[in-house]
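Let me begin by presenting the structure, written as structure tokens, before commenting on it.
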Amino acid sequence: MSNTSEIYAYRFPEEELYNSVLNDESIKVKRFDDIKTLADNTLKENDVIVLYFPAFEDNVVDLLEILKRKHKTNPIVAIGDNYSQEYLEAIFEHNYFTYIKLPATKEKIIESLLAAKSKDCVYKPKIDLETELIKAQKKIIVLNNVAIALTTQKNIGNLLNFILTKTRHLIKADAGSLYLKEGEKNLRFVFTQNISTNWTGEKDVLLEINDKSISGYTAKTGLSLNLLDVYYVPPTFPFNFNQDFDKSSGYRTKSMITAPMYNKNGEIVGVIQLMNKRKDYETSKKGVKLEEDQIIPFNNEDVDLVNNLASQAAVALENARLLYDLRRTFEGFVKASIVAIESKDPCTHGHSERVAELTVALAKKINDIREGTFAKLRFNEKELLQLRYASLLHDFGKVSVSDEVLTKSKKLYPYELDNLIARYKFIKKSIEADYYKNCYDYISQNGYEKFLSVKQEMENDFIKQIKEIENTVNTLIKSNEPTVLEEDSSNKISELAKSEYIDRDGNKTAYLTEREATALSVKRGSLTEQERLEIESHVKYSYNFLSKIPWGKDLARVPEIAYAHHEKLNGRGYPNHYVEKDIPIESQMMGITDIFDALTAQDRPYKPALPLKKALDILSKEAENNSLNKELVDIFEKYEVYKCLEEK
């Protein structure tokens with residue numbers, strides 16, 4: 001693996017140490033000096049990126065964004081003198097990462113680079129899916145609360161306090177400040193918060209917009225800043241951090257994000273600033289001193305969040321931007337949550353978004369209908385958005401389903417099939433051993449001449465037993481496929497479940513365990529009744545999850561719509577066995593698009609995608625059985641709603 005990977009060094013200085021590394025033929029380091037090279041090139045997964053940290057700090061935001069977007073899995077080696085390995089791991093949490101603290105020898109650098117080529121780094125990423133999902137849920141809730149507050153809060157001071165509080169909470173910052181632009185030349189410092197000093201309040205300090213202060217620089221340039229330590233501002237920046245407050249209070253400001261607040265016209269109306277991301281944020285207490293070892297740098301996800309939420313302070317001044325900005329941010333988190341969910345089962349990647357596209361397209365087509373049952377049914381923009389969110393999140397509860405059940409493609413789990421085959425190999429070996437023992441015993445008791453007269457019969461019996469075992473294994477392997485179980489195979493499984501192999505010494509070996517017999521006896525598909533119920537439980541978990549989110553008036557029915565998408569008109573669906581009158585029309589629509597996508601998906605390794613005609617035939621048959629709404633199925637087919645996916 002490491003022999004094919006390469007090493008790319010960003011802005012190595014013209015110094016003897018780094019030149020000696022670049023010129024060392026044993027590792028062949030490639031140097032690049034501009035960020036565009038890193039952005040434009042697609043590296044192999046194991047290619048190593050070396051960051052000379054004084055240069056990296058000149059453009060933390062853009063470099064971290066490029067690494068996240070294009071090089072998320074590449075090993076990274078950083079070289080610098082102001083930080084520690086543990087401190088920097090927070091901004092490279094998805095990468096294998098090693099920090100070399102200067103001074104360092106050429107040998108130390110080369111050793112670390114070679115180790116990184118094999119991903120043998122000091123830090124190895126450990127991403128917990130469920131933790132990520134919980135974080136995503138909390139972010140959605142906070143963003144939705146911000147939306148509600150922005151539409152109802154009339155007091156500008158309370159609103160700014162709310163935004164700053166929620167922004168701090170979302171990125172776990174100890175402190176924050178808000179500045180509003182006055183005229184073209186000044187910023188007014190209007191609000192500040194600090195957990196560890198237990199200070200929240202309004203300020204009224206006028207600052208000049210120039211590049212001599214951090215907030216002034218952002219207001220002047222419109223650039224977001226992610227400073228790893230404000231005490232070590234890179235010399236390429238024109239400003240320095242004012243330490244007066246720290247010296248007078250004993251506070252230590254370290255990591256900082258500063259972001260501009262843009263209005264709907266793209267004009268900067270203020271600046272939001274967050275300080276000191278805390279490892280111990282969840283347990284922090286007001287008025288308790290923040291220890292420096294609890295401070296970590298902000299990552300680019302934090303920068304993105306602050307950039308999005310900063311615009312909400314601008315909305316407080318220009319409310320017209322509220323719905324657009326918040327909806328975009330909110331949907332981003334919804335999509336991120338879906339990506340996280342579908343990463344549990346990569347085979348269904350993209351399913352939720354396709355179902356959302358299909359369902360909204362079906363609703364829009366219904367809006368054009370002027371005759372029949374749906375002639376008067378219309379979906380406005382708010383209802384279409386509600387339908388889209390319900391569709392995107394309809395499978396969210398799958399996080400509650402165990403990975404092995406969710407991704408189960410055959411009746412037995414791989415380890416169960418391995419155990420079964422190993423057991424039958426043992427039985428074959430046991431039959432073989434018994435055969436040779438029987439031959440030996442016969443010769444010992446009757447002599448070799450008499451043995452020759454029965455040898456063929458004994459051998460034929462032995463071969464027959466072996467063939468029976470081999471045929472049985474073949475039957476079981478065939479029965480393990482998620483196809484319709486043949487009656488002969490079903491009978492054979494039942495017979496095996498009741499019997500066991502007994503060797504000549506009386507030792508017993510089960511042909512099938514109870515669990516194996518149950519799984520292999522599934523008439524169609526791969527799931528046992530218990531596993532099917534576990535899969536079906538995802539609908540209730542989705543509903544419970546969605547019900548906890550304060551959707552607001554316009555999106556209030558998202559949980560209800562998602563909850564009923566597996567119900568059937570004839571009452572044979574789940575989880576509540578609703579009949580047609582109890583199933584929301586939006587859920588009936590989603591039930592059709594969900595089935596259609598499952599039938600035609602190209603990325604299911606356990607089954608081929610069905611041709612379009614076959615999938616439509618199945619939908620029609622389900623409608624004839626009164627499982628699906630026939631008029632909706634007819635609209636879906638007649639107006640070729642499914643073609644909306646071809647445009648994506």
Side-chain angles (χ1 to χ4, degrees), residues 129 334-363 365 387-411 414 481-484 522 524-527 531-532 534-539 542 561-562 565-568 573-574 586-623 627-629 632-633 635-637 639-648:
L129 177 61
V334 171
K335 289 182 178 180
S337 300
I338 296 307
V339 170
I341 286 296
E342 292 181 349
S343 68
K344 283 197 70 172
D345 184 6
C347 299
T348 62
H349 178 71
H351 169 71
S352 296
E353 289 197 346
R354 292 193 297 270
V355 170
E357 293 292 338
L358 289 166
T359 310
V360 171
L362 179 56
K365 182 52 61 179
L387 182 57
R388 176 172 177 76
Y389 284 148
S391 301
L392 283 170
L393 297 167
H394 74 282
D395 277 343
F396 211 101
K398 285 184 177 178
V399 68
S400 66
V401 181
S402 64
D403 290 351
E404 65 176 7
V405 172
L406 191 62
T407 60
K408 191 183 184 192
S409 59
K410 299 191 178 183
K411 296 178 183 179
E481 296 298 320
T483 52
V484 177
V522 171
R524 185 173 185 175
S526 64
L527 301 176
E531 291 164 342
R532 182 184 64 79
E534 183 178 349
I535 288 285
E536 291 181 358
S537 72
H538 82 272
V539 181
S542 291
I561 295 169
H565 79 278
H566 277 301
E567 301 289 354
K568 304 297 183 186
Y574 63 88
E586 297 93 338
S587 305
Q588 295 182 35
M589 294 159 58
M590 197 193 307
I592 294 169
T593 60
D594 188 41
I595 293 173
F596 178 81
D597 186 70
L599 293 173
T600 58
Q602 301 286 335
D603 49 10
R604 309 290 172 92
Y606 50 84
K607 72 169 188 65
L610 293 183
L612 175 63
K613 185 179 184 307
K614 180 66 174 175
L616 294 174
D617 287 345
I618 290 175
L619 290 181
S620 296
K621 185 175 181 180
E622 289 292 294
S627 291
L628 301 177
N629 187 304
L632 289 176
V633 171
I635 292 170
F636 185 82
E637 181 175 358
Y639 295 100
E640 300 179 325
V641 172
Y642 46 83
K643 284 192 173 181
C644 69
L645 297 180
E646 297 176 5
E647 302 169 4
K648 298 296 176 181

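All values reported here derive from a predicted model rather than from experimental measurement. FYI, the numbering just counts along the sequence from 1.
H566 meets the ring-ring contact (aromatic ring centres under 6.0 Å, His included) test with H538, Y574; sequence neighbours excluded. With sequence neighbours excluded, no residue forms a side-chain hydrogen bond (donor to acceptor under 3.5 Å, both in side chains) with S587. Partners of E567 by salt bridge (Lys or Arg N to Asp or Glu O under 4.0 Å), not counting sequence neighbours: none found. Partners of S542 according to the side-chain hydrogen bond (donor to acceptor under 3.5 Å, both in side chains) rule, which considers only residues two or more places apart in sequence or in another chain, do not exist here. Residues that satisfy the side chain to side chain contact (heavy atoms under 4.5 Å, CB included) test with E531, not counting sequence neighbours, are V405, K408, Y413, R515, L527, T528. Taking A361 as the reference, V641, C644 meet the side chain to side chain contact (heavy atoms under 4.5 Å, CB included) condition, with sequence neighbours excluded. Residues passing the side-chain hydrogen bond (donor to acceptor under 3.5 Å, both in side chains) test with E637, sequence neighbours excluded: none. Contacts of K365 classified as salt bridge (Lys or Arg N to Asp or Glu O under 4.0 Å), with partners at least two apart in sequence or in another chain: D368. The side-chain hydrogen bond (donor to acceptor under 3.5 Å, both in side chains) search around S627 returns N570, not counting sequence neighbours. For F596, the ring-ring contact (aromatic ring centres under 6.0 Å, His included) partners are F636, Y642, not counting sequence neighbours.
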Show which side-chain atoms of residues 611-621 pair as donor or acceptor with protein atoms under 3.5 Å away, not counting sequence neighbours.
residue	atom	partner	partner atom	Å
K613	NZ	D617	OD2	3.1
S620	OG	L616	O	3.1

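Here the OG1 atom belonging to T359 is positioned 8.0 Å from the NE2 atom belonging to H394, to the nearest 0.5 angstrom. Atoms CG and NZ, from N629 and K568 in turn, are 12.0 Å apart once rounded to the nearest 0.5 Å. Here CG of L645 is found 7.5 Å from OG1 of T600. Values are rounded to the nearest 0.5 Å. In this structure, CD on Q588 lies 7.5 Å from CD1 on I592, to the nearest 0.5 angstrom. Here the straight-line distance linking atom CG of D597 with atom CD1 of I595 works out to 11.5 Å at 0.5 Å rounding. Once rounded to the nearest 0.5 Å, the distance linking CG of L392 with NE2 of H351 reads 11.0 Å.
Closest approach of L362 and L632 over heavy atoms only: CD1-O, 4.3 Å. Across all non-hydrogen atoms, the minimal contact from A356 to S391 is CA-CB, 3.4 Å. Contact between A623 and V633 at its shortest, heavy atoms only, is CB-CG2, 4.1 Å. Closest approach of A562 and M590 over heavy atoms only: CA-CE, 4.4 Å.
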Working for side-chain contact (heavy atoms from CB on, under 4.5 Å), residues I635 and M589:
CA-CA 10 Å; I635 292 170; M589 294 159 58; over 6 Å; no
Which is it for T483 and R524 under the side-chain contact (heavy atoms from CB on, under 4.5 Å) test, yes or no, and what are the steps along the way?
CA-CA 5 Å; T483 52; R524 185 173 185 175; over 6 Å; no
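Residues E481 and K411 are not paired through a salt bridge, judged by the lack of any N-O separation under 4.0 Å between the basic side chain and the carboxylate.
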